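Just so it is clear: chains get the letters A, B, ... in the order the sequence lines come, proteins before strands, and each one is counted from 1. Note that the structure is predicted; figures quoted are calculated from it, not measured.
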There are 2 protein chains.
Amino acid sequence: MGEAANDTVRLLWGPPAKPTRGPKPALSLERIAAAGVEVADAEGLAAVSMQKVAGLLDFTKMSLYRYVPGKAELVALMVESAVDEPPAPADGADWREQLTAWAHHLAESFDRHPWLLDATVGPRVLGPRELSWLERVVAALDGHGLTGPERMDAAVLLAGHVREIAGQSRAAGPAGSPEAELLAALGTVVRQHADRFPAVAAAMADPNGRDQALHFGLERILDGLAALIARRTRHP
Amino acid sequence: MGEAANDTVRLLWGPPAKPTRGPKPALSLERIAAAGVEVADAEGLAAVSMQKVAGLLDFTKMSLYRYVPGKAELVALMVESAVDEPPAPADGADWREQLTAWAHHLAESFDRHPWLLDATVGPRVLGPRELSWLERVVAALDGHGLTGPERMDAAVLLAGHVREIAGQSRAAGPAGSPEAELLAALGTVVRQHADRFPAVAAAMADPNGRDQALHFGLERILDGLAALIARRTRHP
DNA sequence: ACAAACAGTGTCCGCCAGACACAGTTTCCA
DNA sequence: TGGAAACTGTGTCTGGCGGACACTGTTTGT
């Protein structure tokens, strides 16, 4: 079994190891994760280094290694610390209303902590909080004729859309930011080469807000799911 | 105007600068990008450093800076070099067939160069090849009653889904790989905590293949788009 | 009392991106 | 024809990164 995977699982899921001898630890996983989140919120995930996190706590960077095996595990803890509990399903809400609320709450999480986009790419072990988000979606789709894999695929589809839109929205950025300049540069390029990209140039004429884009894709996905559910419940 | 944005635009779109004096350059942007792609294909994007790329070409790392302002621009060139031309729309194919083929071709690109997932996150300037992929989708949706922003949103929705599935598929990895261990560890965790995550545990009982997941989300999205198009063309 | 276990630190290594000064080469122009 | 200018590739240096390791001091069970 892989060591890294085991370490991460123990940190995220395992019991808070209880040694007895030696001095009491002055730090805790919670404080370390919170400090990491603070750095990432302020300067982005790339700015999170052992030095900076330790400095924020008035410790040396090597002391952090007494609590965390490496930076990857620190980031995993930061994610679990930054992610909220998923919203409780409203009373009497059907699956569509539940998924809509879920998607908007998830989008707000990404909005509060944009670095979550960078921290949650690639293969990794999900923590309890993250997994409970997944649980909500799958549970909301229970009992509508979808198979297990289909429910998981639907959850991935939904989460993926929110992720993508969050990335787009981050790309816009505040006015005057480097992100906004990139977007402006891209617009200029498209306009200059409008002959080669007529459809994009035409479609980009009046840009869309983030909320519009999130809403548009969400409605398409939910319409598609509704069509499948209708077929399945008609022919059970 | 931002310097970085300008540099990238010039490299990706600008004319191949034509100086006259001094020694002829021994390298070219094409060779450098190709070397970078070679490293990324073999060891991932994280392994791409100026040292390694230059070493592969038997040059020192500093010589690369004569061609490329920095690593970010090198990665942008690598992306443009690795991305294929988008598939030509088949004769007589309707929008749904065109988008289906497009999505599968895009998925194959991500499959050939998994590091494209890491290289195409966040705000950045698109190159000509990448933009022509976008062009295909938007053009395929022309003339079906969708507004410009809606066509762009649909393209983002589609591309986002393919991206997400590509990430999932990479997370699976070959048997025995660290990625597979992570996935196995996650499965173990879910099974151990099945009481807290009953829906996920049940849905994960028999896992789904990547092709299934790609197909599932794609059909949902296309069904959703079809519903919108039907509404728009009925009430024009 | 003493040894084991543990916490925090300082030092070291290798790797990274990039700034800068330098030597060698080519070309334009006076 | 002889600079001078422009350009290429290189060596050196800095600051930062993740992490290994040895060390000191502290706490606790035997």
Side chains of [X] and [Y], heavy atoms from C-beta outward: is any pair under 4.5 Å?
X      : Y      : value
B:R124 : A:L186 : no
A:L134 : A:E130 : no
A:M50  : A:Y65  : yes
A:M204 : B:V138 : no
B:H193 : A:P128 : no

Exercise: identify the closest heavy-atom pair between B:V37 and B:S81: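 What the structure gives for the nearest pair is CG2-OG, 4.0 Å.
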Shortest non-hydrogen contact from A:W133 to A:D84?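 The answer is NE1-O, 2.8 Å.
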Near-strand residues of residues 37-61 of chain B, defined as heavy-atom separation under 4.0 angstrom from DNA chain D: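 Here the set is B:F59, B:T60.
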Residues in contact with DNA chain D, drawn from residues 69-79 of chain A - heavy-atom cutoff 4.0 Å: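 Contacts with DNA chain D under 4.0 Å: A:G70, A:K71.
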What integer distance in Å separates A:M62:CE from D:dC23:P?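 Checked: the CE to P distance equals 15 Å.
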What is the separation between atom CG on A:L27 and atom C1' on C:dA7, rounded to the nearest whole Å?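 Spelled out: CG on A:L27 to C1' on C:dA7 is 10 Å.
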Phosphate contact (D:dG9 OP1 or OP2) by B:Y67 side-chain N/O below 4.0 Å: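 Answer is yes, contact under 4.0 Å.
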Ignoring backbone atoms, establish whether B:Y65 has a side-chain N or O less than 4.0 Å from OP1 or OP2 of C:dC20.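 Looking at the OP1 and OP2 atoms of C:dC20, neither is under 4.0 Å from any side-chain N or O of B:Y65.
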So which one's nearest nucleotide on DNA chain D is more toward 5', B:G22 or A:R66?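 Upstream on the strand: B:G22.
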D:dG29 base / A:R21 side chain donor-acceptor hit below 3.5 Å: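 No pair found.
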Quick check for you: among D:dT26, D:dT28, C:dT26, whose closest atom lies nearest to any side-chain atom of B:P23?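 Output: C:dT26.
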Verify, without hydrogens or angle tests, whether B:R129 (side chain) and B:E80 (backbone) share a donor-acceptor contact under 3.5 angstrom.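 Judged by distance alone, yes, a pair lies under 3.5 Å.
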